[in-house]
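Quick note on labels: first sequence line is chain A, next is B, and so on, each numbered from 1.
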Number of protein chains: 2
Amino acid sequence: MSRGNSCVPDQVGSAEACTILDVLGRVSGKWSIGILMETAHGPVRFTGLERAMPGISRRMLTLTLRNLERDGLLERTVHPTVPPRVEYTATEMARELYEHLAGLTQWADRHRTAVAAAREAFDDGAHR
Amino acid sequence: MSRGNSCVPDQVGSAEACTILDVLGRVSGKWSIGILMETAHGPVRFTGLERAMPGISRRMLTLTLRNLERDGLLERTVHPTVPPRVEYTATEMARELYEHLAGLTQWADRHRTAVAAAREAFDDGAHR
DNA sequence: CAGCATCCGTCAGGATACTG
DNA sequence: CAGTATCCTGACGGATGCTG
(Lines give C-alpha, C1' and ligand atoms only; values in the text may rest on other atoms or scores of the structure.)
Protein backbone atom coordinates (compact mmCIF):
# COMPACT_ATOMS: atom_id res chain seq x y z
CA MET A 1 0.00 0.00 0.00
CA SER A 2 1.57 3.25 -1.07
CA ARG A 3 1.81 6.08 1.39
CA GLY A 4 1.40 9.53 -0.10
CA ASN A 5 -1.56 8.28 -2.15
CA SER A 6 -2.82 11.36 -3.91
CA CYS A 7 -6.26 9.83 -4.50
CA VAL A 8 -7.22 11.13 -7.92
CA PRO A 9 -10.89 12.13 -7.76
CA ASP A 10 -12.15 11.22 -11.25
CA GLN A 11 -13.14 7.71 -10.31
CA VAL A 12 -16.46 6.13 -9.39
CA GLY A 13 -16.78 6.07 -5.62
CA SER A 14 -13.15 7.04 -5.30
CA ALA A 15 -13.56 9.38 -2.35
CA GLU A 16 -14.85 6.58 -0.16
CA ALA A 17 -12.45 3.99 -1.55
CA CYS A 18 -9.50 6.30 -1.03
CA THR A 19 -10.50 7.05 2.54
CA ILE A 20 -10.64 3.36 3.31
CA LEU A 21 -7.35 2.70 1.57
CA ASP A 22 -5.82 5.55 3.51
CA VAL A 23 -6.77 4.15 6.89
CA LEU A 24 -5.96 0.61 5.80
CA GLY A 25 -2.54 1.85 4.81
CA ARG A 26 -1.95 2.90 8.38
CA VAL A 27 -2.53 -0.51 9.84
CA SER A 28 -1.92 -3.00 7.07
CA GLY A 29 1.76 -3.28 7.84
CA LYS A 30 2.94 -6.63 9.07
CA TRP A 31 3.37 -5.46 12.68
CA SER A 32 1.15 -2.40 13.14
CA ILE A 33 -1.90 -4.14 14.54
CA GLY A 34 0.09 -6.28 16.94
CA ILE A 35 1.80 -3.20 18.31
CA LEU A 36 -1.48 -1.34 18.68
CA MET A 37 -2.90 -4.28 20.63
CA GLU A 38 0.16 -4.46 22.82
CA THR A 39 0.13 -0.76 23.68
CA ALA A 40 -3.63 -0.47 24.10
CA HIS A 41 -3.68 -1.16 27.83
CA GLY A 42 -0.81 0.97 29.10
CA PRO A 43 2.77 2.04 28.47
CA VAL A 44 5.13 -0.53 27.00
CA ARG A 45 8.87 -0.14 26.56
CA PHE A 46 10.84 -0.73 23.39
CA THR A 47 12.37 -3.96 24.64
CA GLY A 48 9.00 -5.10 25.94
CA LEU A 49 7.54 -4.73 22.48
CA GLU A 50 10.48 -6.53 20.97
CA ARG A 51 9.79 -9.49 23.24
CA ALA A 52 6.04 -9.34 22.68
CA MET A 53 6.42 -9.51 18.89
CA PRO A 54 8.56 -12.56 18.20
CA GLY A 55 10.30 -12.35 14.87
CA ILE A 56 10.28 -8.59 14.49
CA SER A 57 13.58 -6.93 13.65
CA ARG A 58 14.81 -3.83 15.43
CA ARG A 59 14.54 -1.96 12.18
CA MET A 60 10.89 -2.83 11.59
CA LEU A 61 9.96 -2.20 15.20
CA THR A 62 11.45 1.28 15.00
CA LEU A 63 9.89 2.00 11.61
CA THR A 64 6.43 0.82 12.65
CA LEU A 65 6.57 2.77 15.91
CA ARG A 66 7.60 5.92 14.04
CA ASN A 67 4.78 5.61 11.51
CA LEU A 68 2.16 5.01 14.18
CA GLU A 69 3.49 7.91 16.22
CA ARG A 70 3.48 10.12 13.15
CA ASP A 71 -0.21 9.42 12.57
CA GLY A 72 -1.04 10.20 16.18
CA LEU A 73 -1.90 6.59 17.01
CA LEU A 74 0.94 6.14 19.49
CA GLU A 75 2.29 8.42 22.17
CA ARG A 76 6.04 8.23 22.76
CA THR A 77 7.40 9.22 26.15
CA VAL A 78 11.14 9.56 26.77
CA HIS A 79 12.42 9.45 30.33
CA PRO A 80 15.81 11.20 30.29
CA THR A 81 17.50 8.68 32.52
CA VAL A 82 20.52 6.52 31.91
CA PRO A 83 20.04 3.96 30.56
CA PRO A 84 17.30 5.57 28.45
CA ARG A 85 13.71 4.55 29.03
CA VAL A 86 11.12 5.08 26.30
CA GLU A 87 7.48 4.14 26.64
CA TYR A 88 4.76 3.79 24.03
CA THR A 89 1.02 4.00 24.61
CA ALA A 90 -1.85 3.78 22.16
CA THR A 91 -3.90 6.98 22.00
CA GLU A 92 -7.66 7.08 22.48
CA MET A 93 -8.00 7.49 18.72
CA ALA A 94 -6.06 4.27 18.18
CA ARG A 95 -8.23 2.34 20.62
CA GLU A 96 -11.32 3.52 18.76
CA LEU A 97 -9.76 2.36 15.53
CA TYR A 98 -9.12 -1.00 17.06
CA GLU A 99 -12.79 -1.35 17.92
CA HIS A 100 -13.64 -1.05 14.24
CA LEU A 101 -10.96 -3.55 13.31
CA ALA A 102 -12.55 -5.95 15.76
CA GLY A 103 -15.65 -5.77 13.55
CA LEU A 104 -13.55 -7.18 10.75
CA THR A 105 -12.42 -9.99 12.99
CA GLN A 106 -16.02 -10.88 13.68
CA TRP A 107 -16.75 -10.92 9.98
CA ALA A 108 -13.79 -13.21 9.46
CA ASP A 109 -14.99 -15.55 12.18
CA ARG A 110 -18.49 -15.75 10.74
CA HIS A 111 -17.30 -16.50 7.22
CA ARG A 112 -14.13 -18.43 7.93
CA THR A 113 -15.47 -21.75 6.70
CA ALA A 114 -17.17 -20.20 3.68
CA VAL A 115 -13.93 -18.56 2.58
CA ALA A 116 -11.95 -21.75 3.11
CA ALA A 117 -14.51 -23.69 1.08
CA ALA A 118 -14.44 -21.13 -1.73
CA ARG A 119 -10.67 -21.35 -1.88
CA GLU A 120 -10.62 -25.08 -1.96
CA ALA A 121 -13.24 -25.19 -4.69
CA PHE A 122 -11.36 -22.60 -6.72
CA ASP A 123 -7.89 -24.12 -6.37
CA ASP A 124 -9.46 -27.45 -7.09
CA GLY A 125 -11.16 -26.55 -10.35
CA ALA A 126 -8.17 -24.51 -11.51
CA HIS A 127 -5.69 -27.13 -12.73
CA ARG A 128 -8.22 -29.24 -14.58
CA MET B 1 0.98 -8.23 3.11
CA SER B 2 1.98 -11.80 2.56
CA ARG B 3 -0.62 -14.32 1.49
CA GLY B 4 -0.12 -17.79 2.88
CA ASN B 5 0.54 -16.30 6.32
CA SER B 6 1.00 -19.31 8.54
CA CYS B 7 0.20 -17.28 11.67
CA VAL B 8 2.59 -18.76 14.24
CA PRO B 9 0.68 -19.07 17.52
CA ASP B 10 3.35 -18.31 20.12
CA GLN B 11 2.72 -14.60 20.18
CA VAL B 12 0.73 -12.37 22.51
CA GLY B 13 -2.72 -11.86 21.04
CA SER B 14 -1.56 -13.37 17.81
CA ALA B 15 -4.76 -15.24 17.04
CA GLU B 16 -6.72 -12.03 16.86
CA ALA B 17 -3.98 -10.08 15.11
CA CYS B 18 -3.58 -12.82 12.53
CA THR B 19 -7.29 -12.95 11.84
CA ILE B 20 -7.36 -9.24 11.21
CA LEU B 21 -4.26 -9.37 9.04
CA ASP B 22 -5.80 -12.21 7.12
CA VAL B 23 -8.95 -10.30 6.24
CA LEU B 24 -7.00 -7.10 5.65
CA GLY B 25 -4.84 -9.04 3.23
CA ARG B 26 -7.91 -9.79 1.18
CA VAL B 27 -8.86 -6.18 0.65
CA SER B 28 -5.73 -4.13 1.16
CA GLY B 29 -4.71 -4.44 -2.46
CA LYS B 30 -4.69 -1.23 -4.43
CA TRP B 31 -7.84 -2.09 -6.39
CA SER B 32 -9.78 -4.66 -4.32
CA ILE B 33 -12.06 -2.25 -2.50
CA GLY B 34 -12.88 -0.25 -5.60
CA ILE B 35 -13.87 -3.43 -7.41
CA LEU B 36 -16.00 -4.62 -4.51
CA MET B 37 -17.81 -1.28 -4.50
CA GLU B 38 -18.32 -1.41 -8.23
CA THR B 39 -19.76 -4.93 -8.21
CA ALA B 40 -21.85 -4.51 -5.07
CA HIS B 41 -25.01 -3.41 -6.85
CA GLY B 42 -25.23 -5.86 -9.72
CA PRO B 43 -23.26 -7.62 -12.45
CA VAL B 44 -20.46 -5.68 -14.13
CA ARG B 45 -18.47 -6.78 -17.14
CA PHE B 46 -14.70 -6.89 -17.45
CA THR B 47 -14.54 -3.86 -19.73
CA GLY B 48 -16.98 -2.01 -17.50
CA LEU B 49 -14.67 -2.49 -14.55
CA GLU B 50 -11.71 -1.42 -16.62
CA ARG B 51 -13.48 1.84 -17.41
CA ALA B 52 -14.68 2.31 -13.84
CA MET B 53 -11.17 2.00 -12.42
CA PRO B 54 -9.06 4.52 -14.28
CA GLY B 55 -5.38 3.65 -14.23
CA ILE B 56 -5.74 -0.07 -13.62
CA SER B 57 -3.83 -2.38 -15.94
CA ARG B 58 -5.40 -5.43 -17.52
CA ARG B 59 -3.01 -7.56 -15.56
CA MET B 60 -3.95 -6.13 -12.15
CA LEU B 61 -7.65 -6.19 -12.99
CA THR B 62 -7.45 -9.88 -13.82
CA LEU B 63 -5.29 -10.67 -10.78
CA THR B 64 -7.55 -8.79 -8.38
CA LEU B 65 -10.68 -10.37 -9.81
CA ARG B 66 -9.16 -13.84 -9.51
CA ASN B 67 -8.14 -13.31 -5.89
CA LEU B 68 -11.56 -11.97 -4.90
CA GLU B 69 -13.26 -14.81 -6.71
CA ARG B 70 -10.98 -17.31 -5.03
CA ASP B 71 -11.98 -16.04 -1.59
CA GLY B 72 -15.66 -16.24 -2.46
CA LEU B 73 -16.12 -12.47 -2.50
CA LEU B 74 -16.94 -12.28 -6.19
CA GLU B 75 -19.09 -14.46 -8.40
CA ARG B 76 -17.91 -14.87 -11.97
CA THR B 77 -20.44 -15.73 -14.66
CA VAL B 78 -19.39 -16.65 -18.19
CA HIS B 79 -21.92 -16.39 -20.99
CA PRO B 80 -20.68 -18.69 -23.75
CA THR B 81 -21.47 -16.28 -26.57
CA VAL B 82 -19.23 -14.74 -29.16
CA PRO B 83 -17.81 -12.29 -28.39
CA PRO B 84 -17.42 -13.63 -24.84
CA ARG B 85 -19.33 -11.96 -22.05
CA VAL B 86 -18.19 -12.32 -18.44
CA GLU B 87 -19.93 -10.71 -15.51
CA TYR B 88 -18.80 -10.16 -11.94
CA THR B 89 -21.02 -9.65 -8.91
CA ALA B 90 -20.11 -9.19 -5.26
CA THR B 91 -21.46 -11.94 -3.04
CA GLU B 92 -23.58 -11.33 0.04
CA MET B 93 -20.50 -12.06 2.15
CA ALA B 94 -18.59 -9.32 0.35
CA ARG B 95 -21.37 -6.78 0.91
CA GLU B 96 -21.31 -7.59 4.62
CA LEU B 97 -17.57 -7.09 4.62
CA TYR B 98 -18.02 -3.74 3.01
CA GLU B 99 -20.36 -2.67 5.79
CA HIS B 100 -17.56 -3.19 8.27
CA LEU B 101 -15.12 -1.33 6.08
CA ALA B 102 -17.54 1.57 6.09
CA GLY B 103 -16.98 1.72 9.86
CA LEU B 104 -13.35 2.42 9.15
CA THR B 105 -14.33 5.22 6.81
CA GLN B 106 -16.37 6.80 9.57
CA TRP B 107 -13.43 6.56 11.93
CA ALA B 108 -11.24 8.22 9.32
CA ASP B 109 -13.75 11.00 8.87
CA ARG B 110 -14.00 11.67 12.60
CA HIS B 111 -10.24 11.80 13.10
CA ARG B 112 -9.11 13.20 9.77
CA THR B 113 -8.02 16.55 11.15
CA ALA B 114 -6.42 15.00 14.22
CA VAL B 115 -4.31 12.71 12.08
CA ALA B 116 -3.32 15.53 9.75
CA ALA B 117 -2.32 17.66 12.72
CA ALA B 118 -0.28 14.83 14.24
CA ARG B 119 1.57 14.36 10.98
CA GLU B 120 2.33 18.01 10.57
CA ALA B 121 3.58 18.28 14.14
CA PHE B 122 5.73 15.19 13.70
CA ASP B 123 7.24 16.09 10.33
CA ASP B 124 7.77 19.55 11.68
CA GLY B 125 9.73 18.62 14.76
CA ALA B 126 11.71 15.99 12.88
CA HIS B 127 14.32 18.03 10.99
CA ARG B 128 15.16 20.32 13.90
C1' DC C 1 18.50 0.58 26.32
C1' DA C 2 16.81 2.30 22.26
C1' DG C 3 17.74 3.27 18.48
C1' DC C 4 20.08 4.52 13.25
C1' DA C 5 22.74 3.03 8.91
C1' DT C 6 23.43 -0.19 5.37
C1' DC C 7 22.83 -4.01 2.30
C1' DC C 8 19.88 -7.14 0.14
C1' DG C 9 15.90 -10.25 -1.24
C1' DT C 10 11.02 -10.59 -2.37
C1' DC C 11 6.91 -9.24 -4.31
C1' DA C 12 3.00 -6.07 -5.48
C1' DG C 13 2.04 -3.67 -9.19
C1' DG C 14 2.86 -1.03 -13.93
C1' DA C 15 3.71 -1.32 -19.20
C1' DT C 16 3.22 -3.79 -23.17
C1' DA C 17 2.45 -7.40 -26.60
C1' DC C 18 -0.08 -11.44 -27.90
C1' DT C 19 -4.52 -14.72 -28.23
C1' DG C 20 -9.03 -17.81 -28.09
C1' DC D 1 -14.19 -9.15 -25.42
C1' DA D 2 -11.65 -10.99 -21.94
C1' DG D 3 -8.09 -12.37 -20.90
C1' DT D 4 -2.59 -14.57 -20.71
C1' DA D 5 2.54 -13.91 -20.97
C1' DT D 6 6.79 -11.15 -20.05
C1' DC D 7 9.63 -7.76 -18.44
C1' DC D 8 10.70 -4.20 -15.12
C1' DT D 9 10.70 -0.99 -11.13
C1' DG D 10 10.06 0.49 -6.43
C1' DA D 11 8.45 -0.27 -1.89
C1' DC D 12 8.26 -3.42 2.06
C1' DG D 13 10.60 -5.98 5.07
C1' DG D 14 14.70 -9.10 6.97
C1' DA D 15 19.74 -9.32 8.70
C1' DT D 16 23.40 -7.24 10.78
C1' DG D 17 26.64 -3.88 12.76
C1' DC D 18 27.39 0.56 15.08
C1' DT D 19 26.25 4.31 18.84
C1' DG D 20 24.53 8.16 22.38
[X] [atom1] to [N] [atom2]: how many Å, rounded?
X	N	atom1	atom2	result
A/L61	D/dG13	CG	P	13 Å
A/L63	C/dT6	CG	P	14 Å
A/R59	C/dA2	CZ	C1'	16 Å
A/R58	D/dC18	CZ	C1'	12 Å
B/L65	D/dT4	CG	C1'	14 Å
B/M60	D/dT4	CE	C1'	15 Å
A/I56	D/dG13	CD1	P	10 Å
A/E69	C/dA2	CD	P	15 Å

Sequence neighbours excluded, which residues qualify as side chain to side chain donor-acceptor pair (under 3.5 Å) partners of [X]?
X	answer
A/E87	A/R85
A/R45	none
A/R59	none

Test item: [X] and [Y] side chains (from C-beta on) under 4.5 Å apart, heavy atoms:
X	Y	result
B/F122	A/D71	no
A/E16	B/Y98	yes
B/W31	B/L61	no
B/L68	B/T64	yes
A/E38	A/L49	yes
B/L74	B/I35	yes

Please report the C-alpha distance between B/Q106 and A/H100 in whole Å, then the side-chain angles of each, then the deciding distance to 0.1 Å, and finally whether the side chain to side chain donor-acceptor pair (under 3.5 Å) criterion is met.
-> CA-CA 10 Å; B/Q106 290 164 27; A/H100 288 284; 5.8 Å; no
By a strict heavy-atom criterion of less than 4.0 Å, which residues belonging to residues 42-50 of chain B are in contact with DNA chain D?
->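 The answer is B/R45, B/F46, B/T47.
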Is it true that B/V44 and B/V78 fall in one hydrophobic cluster, defined by side-chain heavy atoms closer than 4.5 Å?
->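 Both belong to a single hydrophobic cluster.
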Inter-end axis angle, the helix from C/dC1-D/dG20 to C/dG20-D/dC1, with every axis fitted to five base pairs (rounded, 10 degrees) =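 Inter-axis angle at the termini of the helix from C/dC1-D/dG20 to C/dG20-D/dC1: 50°.
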Phosphate oxygens OP1/OP2 of D/dG3: is one of them under 4.0 Å from a side-chain N or O of B/R76?
->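 So the side-chain polar atoms of B/R76 do come within 4.0 Å of the phosphate oxygens OP1 or OP2 of D/dG3, strictly under.
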Quick one, which residues of residues 79-89 of chain B touch DNA chain C with a heavy atom under 4.0 Å?
->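 Output list: B/P84.
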